[in-house]
Student: 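I'd like to ask some things about the structure below.
FYI, the numbering just counts along the sequence from 1. Remember, predicted model here, so these are calculated numbers, not experimental data.
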Amino acid sequence: GSETPDDMDWFAALFDLDHSRFALRPRLLVGGASLQVRHIAAGENHALLLTTTGQVYSWGEGKDSQLGHGDNSDRQTPALVSNLATYRTILVGCGDTYSIVLLASHRLMSFGSGAALGLGRSANEGSVSLPSRIMLNWLNGEKLEGICTFGAGPKHVVAIHSNGTCLSWGVGDWGGRLGHGSTANVHQPKVITLTEADANLGKDSSTTLRSFKMACAAERHSLALTKDGALYGWGNGCDKQLASESGIVDRPRLIELPQL
């Protein structure tokens, strides 16, 4: 049933919570009614909002600089990320303690804690308090610019390039959720390659599959969808989230979909 005031008082007393700091029912956000919202994203203790004009607002906990305002202060209401105001943003995402945005120019920018590794930056870089561009590496002489979408998990990111290439970076534990064949951490965007065993491609050597169009990243696993409708999954599948009896899958594996 629905919570009553007494239920909320009991809940607050049990966990020593202040009523002003939690809501058991949906509550209108101050300032939200005046914005035309296109997209939203939520992290562990913060959130991002993208307007129809491409502006980004953030609010919540800011101790890891994940709000992008150049400080580590909390924001109680949505506040414009001013350093992104001159750009048009088309997608926003949140990890536990970091944020990532995709610009209309198909460049990625990130801010927040470097400990989560979702920033896509060098290993020795700490927190980034203002939006900073993620530099992509080269693959076979081709510079990987032109990201068209991404999925942000608590501690890792999976992104899709306009040519269909799939990349990932972040913390690699939980059974290889980055899809690179190991549980090693990857600090900067790295292309995911598939072997014959992974994708039945009919080739003996590793190859880059260039047909992905969508990706998502969860706590322990990742999924990616190809342009022809094939679904791949990898990571920790111990709860059957990879639609397989195999518990650990450290490279993309085709998920068999029901036939209609």
Side-chain angles (χ1 to χ4, degrees), residues 1 15 24 26 39-48 91-100 102 113 115-118 120 147-161 164-187 189-203 206-260:
F15 293 101
L24 297 183
H39 186 66
I40 53 176
E44 183 176 29
N45 292 308
H46 78 293
L48 297 182
L91 185 62
V92 296
C94 294
D96 278 351
T97 56
Y98 73 92
S99 301
I100 182 170
L102 177 63
S113 172
L117 305 190
I147 296 298
C148 59
T149 189
F150 68 85
K155 293 180 175 63
H156 79 294
V157 178
V158 182
I160 305 297
H161 186 266
T165 301
C166 188
L167 308 94
S168 69
W169 63 94
V171 179
D173 58 8
W174 286 111
R177 58 187 161 193
L178 300 183
H180 298 299
S182 74
T183 58
N185 295 338
V186 175
H187 293 86
K190 181 179 179 180
V191 174
I192 296 175
T193 59
L194 303 179
T195 65
E196 179 182 359
D198 296 326
N200 297 318
L201 296 174
K203 298 180 180 179
S206 295
T207 185
T208 301
L209 189 62
R210 294 175 179 266
S211 63
F212 287 104
K213 69 173 185 178
M214 183 184 302
C216 60
E219 172 70 30
R220 297 185 293 174
H221 69 292
S222 305
L223 297 172
L225 184 69
T226 67
K227 296 175 183 177
D228 60 3
L231 181 63
Y232 286 84
W234 60 92
N236 188 319
C238 291
D239 293 318
K240 306 299 186 290
Q241 60 266 55
L242 298 178
S244 169
E245 292 297 325
S246 300
I248 302 300
V249 179
D250 59 12
R251 285 190 183 275
R253 178 177 297 175
L254 185 64
I255 295 177
E256 294 186 12
L257 299 177
Q259 298 296 318
L260 299 180

Student: Could you give the distance from CH2 (Trp234) to CG (Leu223), rounded to the nearest 0.5 Å?
Tutor: 7.5 Å

Student: How close do Ser222 and Val158 get, heavy atom to heavy atom, and via which atoms?
Tutor: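 Closest approach of Ser222 to Val158, heavy atoms only: OG-CG2, 3.7 Å.
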
Student: Can you find a heavy atom in the side chain of Arg177 that is under 4.5 Å from one in the side chain of Val171?
Tutor: yes

Student: Could you check Lys155 against Asp96 for side chain to side chain contact (heavy atoms under 4.5 Å, CB included), going step by step and ending with a plain yes or no?
Tutor: CA-CA 7 Å; Lys155 293 180 175 63; Asp96 278 351; 3.0 Å; yes

Student: Do Met214 and Ile160 touch side chain to side chain, with heavy atoms closer than 4.5 Å?
Tutor: no

Student: Nearest 0.5 Å, please: how far is CG in Leu91 from CD1 in Ile147?
Tutor: 11.5 Å

Student: Just by modelled atom types, is the Gln241 backbone N or O under 3.5 Å from a matching donor or acceptor in the Asp239 side chain?
Tutor: no

Student: Are any of the side-chain heavy atoms of Leu48 and Ile40 separated by less than 4.5 Å?
Tutor: no

Student: Does the Asp250 side chain pair with the main chain of Gly179, one donor and one acceptor, at a distance under 3.5 Å?
Tutor: no

Student: For Cys166 and Phe212, work out which heavy atoms get closest and say how close.
Tutor: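 Answer, listing the atom of Cys166 first, then Phe212: CB-CD1, 3.6 Å.
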
Student: Going by heavy atoms in the side chains, are Trp169 and Pro189 under 4.5 Å from each other?
Tutor: yes

Student: Flag the pair His221 / Leu242 as yes when at least one side-chain heavy-atom distance between them is below 4.5 Å, and no otherwise.
Tutor: yes

Student: Please find the pair of heavy atoms, one from Arg251 and one from Thr193, that lie closest to each other, and give the distance.
Tutor: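 Closest heavy-atom pair between Arg251 and Thr193: NH1-O, 3.2 Å.
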
Student: If you take all heavy atoms of Gly93 and Ala41, which pair is closest and at what distance?
Tutor: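 Closest heavy-atom pair between Gly93 and Ala41: CA-CB, 3.8 Å.
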
Student: Closest heavy-atom contact between Phe150 and Val92?
Tutor: CZ-C, 3.8 Å

Student: Is it true that the side chains of Ser168 and His180 contain a donor and an acceptor less than 3.5 Å apart?
Tutor: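 Checked: Ser168/His180 side chains pair up, N/O donor to acceptor below 3.5 Å.
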
Student: Would you say the side-chain atoms of Glu44 pair up with the backbone N or O of Thr97, donor to acceptor, closer than 3.5 Å?
Tutor: no

Student: Please report the closest heavy-atom contact between Pro252 and Ile192, naming both atoms and the distance.
Tutor: CG-CG2, 3.5 Å

Student: Please walk me through it: do Leu254 and Glu256 pass side chain to side chain contact (heavy atoms under 4.5 Å, CB included)?
Tutor: CA-CA 6 Å; Leu254 185 64; Glu256 294 186 12; 5.7 Å; no

Student: Nearest 0.5 angstrom please: Lys240 NZ to Cys238 SG, how far?
Tutor: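 Lys240 NZ to Cys238 SG: 7.5 Å, rounded to 0.5 Å.
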
